[in-house]
2 protein chains.
Amino acid sequence: MLQAYDCIMTEMEEVRELFDRELLCDIPLISDLLDHINKFRGKMLRPMLVLLSGQVCGGLQPPHRVIAAVLEMVHMATLVHDDVLDETEIRRRGKTIHSLHGNETAVMLGDLLISRAFHLCSSLDHPGFSRRIAAAANTVCEGELMQLLYRDYYDLEEQRYLDIISRKTAALISCSCYLGAQAADAEEPVCQNLAAYGTHLGIAFQIMDDVVDLTGKETQAGKTLGTDFQKGKITLPGIHLLRICSPEQKRTILTWLDRRTPQDYQEYGKILHESGSIDYARQRAKHYIEQAQQELASLPAGEAHKLLMELAELVV
Amino acid sequence: MLQAYDCIMTEMEEVRELFDRELLCDIPLISDLLDHINKFRGKMLRPMLVLLSGQVCGGLQPPHRVIAAVLEMVHMATLVHDDVLDETEIRRRGKTIHSLHGNETAVMLGDLLISRAFHLCSSLDHPGFSRRIAAAANTVCEGELMQLLYRDYYDLEEQRYLDIISRKTAALISCSCYLGAQAADAEEPVCQNLAAYGTHLGIAFQIMDDVVDLTGKETQAGKTLGTDFQKGKITLPGIHLLRICSPEQKRTILTWLDRRTPQDYQEYGKILHESGSIDYARQRAKHYIEQAQQELASLPAGEAHKLLMELAELVV
């Protein structure tokens, strides 16, 4: 993540405080559960994007902090529910909510986070903000549902894969950027620039996340790897591979994707590298990052602009 | 449910249309899933309460329909997530979402419903409505979490049980009544009357629902019974029983509650009846219904008033 971000440092701290305050609960049992979630707090990418988009468009207003906290809470709720989905045992180098308390608790905890997010959201005067955030949350759900329904489906085309990740990952990131701009009273075309930056950034981010799941080292990523393979979820490298391989290779690969032994996983990983499919996915991610950075071309230079460009670089 | 409700007939139809419209999706796979949810649409108790509360307080305004639809969607989302929680195979005489598509889909579908509910909610001009609905949704989650965390805990006191059901069931019902009044521009004391009517109604409703789980016939209820026993969830009849029984009886009953064979369930049911614990619970429910009806004493007579009184009767 970014090493330093002076231009939004104070505000990021305020976002954290807002977040912490909204997660207080006078019921001790639930308070403990909520404390536990905090250890899984991510790198606050979405709040950072809200604030940086605001800064690059002219300056931060009180709503920025609230929007940032709300979006992070929505994101965190999806992580908690992903726990139910993914059954991953290791997430961010800590026990998951699921493994500690069961599926049902993870579902309800995620629901609690979402309702608190919308509660905080309703404190904003501008109903348009709430509407966009709810629409983005809806898009995330659609993406996740599509992904679930396309499980074990290996004829998945690249366009459909991109559609899925646009919804499940990029929509919320794009919303962060758009609202950051809108809350700074930016003109609509500028808001759209930031939104597009966010969309491209989000797509690149997810492509790379999927690459890491296939190639990464578990300790580095802080989460269980090879889960996509285990869940019958094909991603960009695999889609590319199945597009370029011979019919006989395809038959073999489909056997691995179906059978999913550790040996099959090894073979799959090997051929993904050898065929250039991993490289292909990295190139596509780079392409989206370049597109993201281009969206910032017309925006004022300064620390916020620099950091938005840097964030894009860090993804790849 | 109510046989006829002329004074809100048109508006109830509008609520259904609003609900249907908000559940449209241009993604065919998801559209199918959403269609499926519709078969589980409940008796629309919460919309009925929004509209009746509005009518009894002076008349319906455009926001009433939206508030009603939003609250029904929130309720439906909790039913879908309850599926994940309860793993009941039969719900409302149809297959559950869970048994058809798996836990993960049920989680995401519930999330989709919630985000659409808040999306619709943000179309209301009055941010106060959103805030209350989100607060009520939060209270529901707190109640459900408490219930989960108190599983297999048989020292549960009546006060704690009432606290749990106040949150998980009564809060949303109370919110329906309160907002129905508020959207009709009722004075705050009147809104509070309706809120209290809703709270008492909701508590009575849940007490009776828990009684039915212990005593009812499966085909009548439309859902699997005896689930509370299976899940180590003690309810009012059981709490009463453990309070009045002898120490030796208690040891035996705790063995049944722990072991949970069909035989244990039979014995448990038998002693609940014989000890008068079922009757006790029914009496408590009746008490709350009387309190609910008393809250309506100062409100204008008319069809809406009559129907609100009738609804309370129907619970017991």
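Being a predicted model, the structure only gives us computed values, none of them experimental. Naming: A, B, ... by sequence-line order, numbering from 1 per chain.
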TODO: Starting at SG of A/C141, measure out to CZ of B/R116 and round the result to the nearest 0.5 Å.
DONE: 9.0 Å
Open item on the list: Less than 4.5 Å to any heavy atom of chain B: does that hold for the side chain of A/F129, its backbone, both, or neither?
Closed with: neither
- [ ] Measure distances from B/T78 to the heavy atoms of chain A and classify the residue's part below 4.5 Å as side chain, backbone, both or neither.
- [x] neither
Open item on the list: Would you compute the distance between atom CG of A/L145 and atom SG of B/C25 and round it to the nearest 0.5 angstrom?
Closed with: 8.5 Å
Open item on the list: Would you say CG of B/D125 has more than 12 non-hydrogen atoms from neighbouring residues, nucleotides or ligands within 6.0 angstrom?
Closed with: no
Open item on the list: So which atom in A/S122 and which in B/P127 form the shortest heavy-atom distance, rounded to 0.1 Å?
Closed with: O-CB, 3.7 Å
Open item on the list: Using only atom types and a distance under 3.5 Å, with no angle test, would you say the side chain of A/R131 pairs donor to acceptor with the backbone of B/H119?
Closed with: yes
TODO: Could you walk me through whether B/D111 and A/D111 pass the side-chain contact (heavy atoms from CB on, under 4.5 Å) test, one step at a time?
DONE: CA-CA 8 Å; B/D111 289 352; A/D111 289 352; 3.8 Å; yes
Task: Heavy-atom contacts under 4.5 Å, residues 174-185 of chain B to chain A - done: none
Open item on the list: Is A/L120 in contact with chain B via its backbone, its side chain, both, or neither, using a 4.5 Å heavy-atom distance?
Closed with: backbone
Task: Pairwise side-chain contact, B/L29 with A/E142, heavy-atom cut-off 4.5 Å (strictly under) - done: no
TODO: Rounded to the nearest 0.5 Å, what's the gap from NE2 on A/H81 to CD on B/E104? Could you check?
DONE: 12.5 Å
Task: Contacting region of A/C121 [heavy-atom separation from chain B under 4.5 Å] - done: neither
Task: Which atoms of B/L112 approach chain A - backbone, side chain, both or neither, heavy atom under 4.5 Å - done: both
Open item on the list: Need one label for A/I114: side chain, backbone, both or neither, based on atoms under 4.5 Å from any heavy atom in chain B.
Closed with: side chain
Task: Per-residue contact mode, A/T139 against chain B (heavy atom under 4.5 angstrom) - done: neither
- [ ] For the pair B/F118 and A/F118, name the ring-plane relationship: parallel under 30°, tilted 30 to 60°, perpendicular over 60°.
- [x] parallel
Task: Sub-4.5 Å side-chain heavy-atom contact between B/L33 and A/L149 - done: yes
Open item on the list: With heavy-atom distances below 4.5 Å as the criterion, would you say the side chains of B/E144 and A/T105 are in contact?
Closed with: no
Task: Those residues that, when tested against B/Y154, pass ring pair (Phe, Tyr, Trp, His ring centres under 6.0 Å) (two or more places apart) - done: none
